[in-house]
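Shown next, in structure tokens, is the structure this report addresses.
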Amino acid sequence: MIVGVGALGCPCADLLARAGVGRLTLIDRDVVDVTNLHRQTLYTDADAGSNRPKAIAAAERLRAVNPDIEIHPVVADLNANDADEILEREKHGKPDILIDGADNFETRYILNDLSVKHTIPYLYAGAIGTRGMATVFIPPESPCLRCLFPEPPTPGSQPTCESVGVFSPVSSIIASYQASEALKVLMGHESRAMRSLLEFDLWEGQRRRIDLSGSRDPSCPCCARRDFEFLERDEEDTVSICGKDAIQVNPRVRERLDLHQILAALSVHGEFSHLGVLVKGTLKDEPYTLSVFHDGRAIIEGVSEPALARSIYDRYIGS
Ligand SMILES: [Zn+2]
């Protein structure tokens, strides 16, 4: 299961599909944007032009690469409310590996909780600017993410792909490392998986390896006390989307929307189209672009203030 089919998820999914990994579940909440194309290697200019959901565009590309494997695209946000449910819904049982292609720390801590709770190896990774890091957590023996970093960084304390961008070769290197570790685990060679945190800075030509053996924290809230607080938290009301001037607004009640009804309602306010699992368009009186998904989420472009995004949502989609 690959969570986030962006700069890391694209090259990793591509390598795994070509290697013949039998089943890939691709989870992504966003649509392809032209600013993604330098690093998100499964997408084309046409995907960006038609605002295709990444999970669906990636699945189509990978099916063309290898028609003999099973690919399951999921257009959704892996959040505290439904992370367990998304795992349980997998028709062949829980995934063998969780691969981190996320662009935010909240999702990584949810993945870590899932990994420890369900004893599934978790391939942690991140790439930002010209730097990237990755490691493999294999419960129950290895440390977990929270043994190393007990809490996510405070918002605003770390660079984001919005503030510094992503140098595309670094995400491809980190994704290749993830694919390599995934193949070892899937082939039953868990003992060969790296027990260290690898860090690269391609601009400076630096590489660092931190040995993680012995770094399990006996008082870790997650793997020692089994307190899965990131799965139990209330979902954030709004989330910034990395790499674009946009905010995702989550619905107050999770229920499937009737997109035909949403299209009819929004068409009064601008040019909107129904694009499969979403309705997208730009308002005529305000400088905002809205993508409303069937699960009730909306991504509002042209806004950086969460409160303003929420008020636009309430005004045009309803609360
Ligand atoms: Zn731990």
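Both counts, for ligands and for their atoms, begin at 1 and track the order of listing.
Here 4 is the count of protein N, O or S atoms positioned under 2.8 Å from the Zn ion (ligand 1), waters not counted.
No side-chain N or O of S115 forms a donor-acceptor pair with one of N112 less than 3.5 Å apart. Between the side chains of D84 and H118, at least one donor N or O sits under 3.5 Å from an acceptor N or O. Side chain to side chain, S311 and D314 fail the donor-acceptor criterion of an N or O pair below 3.5 Å.
Remark: of the listed residues D30, T238, D77, D237, D77 is the sole one forming a side-chain hydrogen bond (donor to acceptor under 3.5 Å, both in side chains) with Q248. Shown are C144, S142, C223; of these, the side-chain contact (heavy atoms from CB on, under 4.5 Å) with R216 is made only by C223.
The local environment of CD in E271 is sparse, with at most 12 non-hydrogen atoms from other residues, nucleotides or ligands closer than 6.0 Å.
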